[in-house]
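This structure is a prediction, so every number in the text was calculated from the model and none was measured. Values below: every heavy atom of this structure, side chains too, minus hydrogens, waters and symmetry copies. Starting from 1, each residue takes its place in the sequence as its number.
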Amino acid sequence: MPPEDDTGYRVVAVRVGTRTTERSDVYLNYRLYGEDHGPATVDYYFWAVEGPEGTIVVDTGFGEEAGRKRGRTLLLHPADASPHLA
């Protein structure tokens, strides 16, 4: 936790999800680059900015049902991420 007199900001990212897919699913026009096709891992994060005026949530990731429909694995529910921000 920053000192009481700290007037700066802190950006916090907590990994809440992941998925394994193919590179062509992640990168736009991947085949045009002539690179080898293969697996890619994509991680998802809960983002927050902490500052002297409080905490601002930037992104809460995705919910369990939406993630399941998209082939994503939820590692930590966004609502349970707050203890990881300290």
Side-chain angles (χ1 to χ4, degrees):
M1 203 66 173
E4 290 281 328
D5 61 348
D6 187 5
T7 57
Y9 291 88
R10 180 172 85 138
V11 177
V12 180
V14 179
R15 183 173 172 244
V16 295
T18 190
R19 87 175 159 132
T20 301
T21 187
E22 299 295 322
R23 292 178 190 157
S24 61
D25 290 337
V26 179
Y27 301 105
L28 180 64
N29 299 323
Y30 182 78
R31 289 183 174 86
L32 297 177
Y33 301 109
E35 298 287 332
D36 291 335
H37 189 61
T41 300
V42 179
D43 291 319
Y44 300 90
Y45 293 85
F46 173 97
W47 294 89
V49 178
E50 297 175 337
E53 300 296 319
T55 300
I56 300 167
V57 175
V58 178
D59 185 356
T60 59
F62 56 87
E64 190 171 358
E65 184 178 339
R68 188 173 33 257
K69 288 179 182 178
R70 296 180 178 130
R72 300 172 182 172
T73 301
L74 187 64
L75 302 172
L76 175 69
H77 194 281
D80 298 329
S82 59
H84 298 275
L85 299 178

I'd like a table of donor-acceptor pairs (distance under 3.5 Å, sequence neighbours excluded) in which one partner is a side-chain atom from residues 15-23, with atom names and distances.
unit_1, atom_1, unit_2, atom_2, d
Arg15, NE, Asp43, OD1, 3.1
Arg15, NH2, Asp43, OD1, 3.2
Thr18, OG1, Val42, O, 3.3
Thr18, OG1, Asp43, OD1, 2.9
Arg19, NE, Tyr44, OH, 3.0
Thr21, OG1, Asp25, OD2, 2.8
Glu22, OE1, His37, NE2, 3.1
Arg23, NH1, Tyr30, OH, 3.4
Arg23, NH1, Asp36, O, 2.7

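Put simply, the side chain of Val12 reaches to within 4.5 Å of the side chain of Glu50, judged on heavy atoms.
Taking OG1 of Thr55 as the start and OH of Tyr9 as the end, the distance is 11.0 Å to the nearest 0.5 Å. Once rounded to the nearest 0.5 Å, the distance linking CD of Glu64 with CG of Leu74 reads 6.0 Å.
In this structure, Pro52 and Gly8 approach most closely via the heavy-atom pair CD-O, 3.4 Å. Nearest heavy-atom pair, Tyr33 versus Leu28, reported as atom, atom and distance to 0.1 Å: CE1-O, 3.6 Å.
In this view, Glu65 and Lys69 satisfy the side-chain hydrogen bond (donor to acceptor under 3.5 Å, both in side chains) rule, not counting sequence neighbours.
Side-chain heavy atoms closer than 4.5 Å link hydrophobic residues (I, L, V, M, F, W, Y) into clusters, and following such links, possibly through other members, connects Val11 to Tyr45.
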